[in-house]
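First up is the structure itself, then whatever we jot down about it.
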Number of protein chains: 2
Amino acid sequence: MKVKKCFYICCSNQHINMKLTESKERFINAWGTLGTSWGINRTMAQVHALLLVSPDALSAEEIMEELNISRGNANMNVRTLIDWGLVFKEIKSGERKEFFVAEKDIWKVFKQIAKERRKRELEPIFKVLEEVKNVEGDKHDKNVKEFVNTIENIERFTKKADRTLETMIKADENWLIGSFMKMMK
Amino acid sequence: MKVKKCFYICCSNQHINMKLTESKERFINAWGTLGTSWGINRTMAQVHALLLVSPDALSAEEIMEELNISRGNANMNVRTLIDWGLVFKEIKSGERKEFFVAEKDIWKVFKQIAKERRKRELEPIFKVLEEVKNVEGDKHDKNVKEFVNTIENIERFTKKADRTLETMIKADENWLIGSFMKMMK
DNA sequence: TTTAACTTTCAAAAGTTTCTGAAAGTTTAT
DNA sequence: ATAAACTTTCAGAAACTTTTGAAAGTTAAA
């Protein structure tokens, strides 16, 4: 059976500041928990957090060791992060292995996530709202009226939010944050 | 064993437009799916959707029947929705039962959800970021530098987003949407 | 070629969340 | 007080998600 890597040996061996290792771990766990409550697999969020705070690209092996996860799990989650455009492969000359780096610009990370989730989750609901509001039947029936009215309100609101999101995704950071801050006093 | 209620009998009995029943179902399911990918229990989102499109308050029994769920499940999810401020109890004079209505103003619904999730999920991560960025150790160590830098970037970004969110939560709908729309052309 | 270094896949196991329904609790009417 | 109408709880079951690790696949140097 594989034994959890010993904290003290790890630290004295690798000459890493003890407090740093601890802080990293705390951050990685918090990011993982946050991911979980937003529908993102914990390990995926942890891999992302680990790469975010690593100055250099890490190999699959290093990710496995740092997070105590299996090869398959590491591979699967790194691949998903690459699909989402949040992590990139890096090849080092002279090395056979692949290394992975995270996109470090938090604004880009946010835009990337917004883009992906919009496509995967908002677009399907727009389609349903559009279809469903053309319900056939007596427009004076209280039930039909309430239904159509609610659907139209939801549609109006989500379309507005979506347009705002799209503008943000396309926008340049400075322009956006600038305008926002001015607007918000 | 309980048998799924027959669609045709239900409709002819209650004089409900057949297409409406179908549309409601499609909307309820889509809302449930959307909830799932945003970390909200499917049934909770479905109960919310059902109440959103119902012109009148529904009893626990009616919710159970419409969604084919157990009493315990219905009760638990209605209670959570009440906790979140998205659903209200309603008592009808002469009736022993409690009835439930959803907040129909989508803007209020959004604000309410934002408020809850901010408290439950964003606040804890702010606490961690604050703690973790005061890592002790050599400020010239590449690892420490990258770590502190990333944490500070994340903090700056999330604080900004959070302030925007807070302003929106407090803001009056018309003012906000107006300003937004002006800003977004 | 062949072999070694590495990556990917996938079926089964472990872990987690959600749901059920019967039992316990509460409230209101008589 | 008692009974009836209704709500809440909770332990176990079911459903769903994630993880593992061994085997299969790929690539690149010898």
Side-chain angles (χ1 to χ4, degrees), chain A residues 1-5 28-29 31-48 50 57-84 87-100 120, chain B residues 1-5 28-29 31-50 57-84 87-100 120-121:
Chain A
M1 196 190 49
K2 204 173 168 188
V3 171
K4 194 178 184 306
K5 181 179 55 167
I28 289 168
N29 290 339
W31 205 242
T33 304
L34 185 67
T36 301
S37 51
W38 287 87
I40 289 156
N41 168 332
R42 185 196 333 296
T43 308
M44 182 168 150
Q46 286 180 326
V47 172
H48 184 229
L50 173 62
L58 300 184
S59 67
E61 226 102 286
E62 288 170 304
I63 294 171
M64 287 162 60
E65 272 173 29
E66 290 277 351
L67 303 178
N68 282 291
I69 58 174
S70 71
R71 186 169 292 285
N73 196 10
N75 176 71
M76 189 206 155
N77 285 293
V78 166
R79 186 154 38 67
T80 311
L81 284 165
I82 292 174
D83 285 350
W84 279 53
V87 162
F88 308 101
K89 275 189 187 174
E90 209 174 88
I91 24 173
K92 293 187 182 177
S93 60
E95 289 260 29
R96 192 75 176 283
K97 283 187 263 210
E98 292 174 322
F99 292 80
F100 306 97
R120 279 164 222 249
Chain B
M1 197 190 47
K2 204 174 166 187
V3 171
K4 195 182 183 306
K5 182 179 56 169
I28 289 168
N29 289 339
W31 205 243
T33 305
L34 185 66
T36 301
S37 52
W38 287 87
I40 290 156
N41 167 333
R42 189 208 317 305
T43 308
M44 182 170 151
Q46 286 181 327
V47 172
H48 184 227
L50 172 63
L58 299 184
S59 67
E61 226 104 284
E62 288 169 305
I63 294 171
M64 285 162 62
E65 272 173 31
E66 289 276 352
L67 303 178
N68 281 289
I69 59 173
S70 71
R71 185 170 293 284
N73 196 13
N75 176 69
M76 189 204 154
N77 285 293
V78 166
R79 186 153 37 68
T80 311
L81 283 165
I82 292 174
D83 285 348
W84 279 52
V87 162
F88 309 100
K89 275 189 186 173
E90 209 175 88
I91 24 174
K92 294 187 183 176
S93 61
E95 289 262 26
R96 208 48 190 288
K97 281 188 266 211
E98 293 175 322
F99 291 81
F100 306 98
R120 279 165 221 249
E121 293 148 19

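Protein chains get the first letters and strands the later ones, always in sequence-line order, with residue 1 at the start of each. Both backbone and side-chain heavy atoms feed into the values below; hydrogens, waters and symmetry mates do not.
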Distance, rounded to the nearest Å, where E98(A) contributes CD and dT26(D) contributes C1': 11 Å
Separation of N77(A) atom CG from dT20(D) atom P, in whole Å? 10 Å
Which atom pair, heavy atoms only, marks the closest approach of I28(B) to L67(B)? CG2-CD2, 3.8 Å
Whole Å only: how far is the CG atom of N68(B) from the C1' atom of dA14(D)? 17 Å
Determine whether more than 12 heavy atoms belonging to other residues, nucleotides or ligands lie under 6.0 Å from atom CE of M44(B). yes
Whole angstrom is fine here: how far is it from CD in E95(B) over to P in dT28(C)? 14 Å
Between Q46(B) and T43(B), is any side-chain donor less than 3.5 angstrom from a side-chain acceptor? no
Any side-chain N or O of T43(A) under 4.0 Å from OP1/OP2 of dT18(D)? no
Rounded to whole Å, the CD1-P distance (I63(A) to dT8(C)) equals 12 Å
Taking the minimum atom-to-atom distance to the side chain of I69(B), which one of dT20(C), dT7(C), dT8(D) wins? dT20(C)
S70(B), nearest nucleotide to its side chain (from dT7(D), dT18(C), dT20(C)): dT20(C)
Let me know, please, whether R42(A) or R42(B) comes out on the 5' side of the other along DNA chain D by nearest nucleotide. R42(B)
Has N75(B) got a side-chain N or O lying under 4.0 Å from the OP1 or OP2 atom of dT7(D)? no
Without decimals, in angstroms, what is the distance between K89(A) NZ and dT7(C) C1'? 8 Å
Heavy atoms of S59(B) and K97(B) approach each other most closely as CB-CD, 3.9 Å
5' precedence on DNA chain C between R71(A) and R96(A) (nearest-nucleotide basis): R96(A)
Nucleotide dT16(C), atom C1' - distance to CD1 of I40(A) in whole Å: 18 Å
Crowding at CD1, I91(B) (>12 non-hydrogen neighbours, <6.0 Å): no
If you compare every side-chain N and O of R79(B) against the phosphate oxygens of dT9(D) (OP1, OP2), does one of them come in below 4.0 Å? yes
Looking for any heavy atom pair under 4.0 Å, which part of the strands does N41(B) touch: base, sugar-phosphate only, or nothing? sugar-phosphate
Whole angstroms only, please: what is the CE-P distance between M76(A) and dT19(D)? 8 Å
Residue whose nearest DNA chain C nucleotide is more 5′ - K97(A) or N73(A): K97(A)
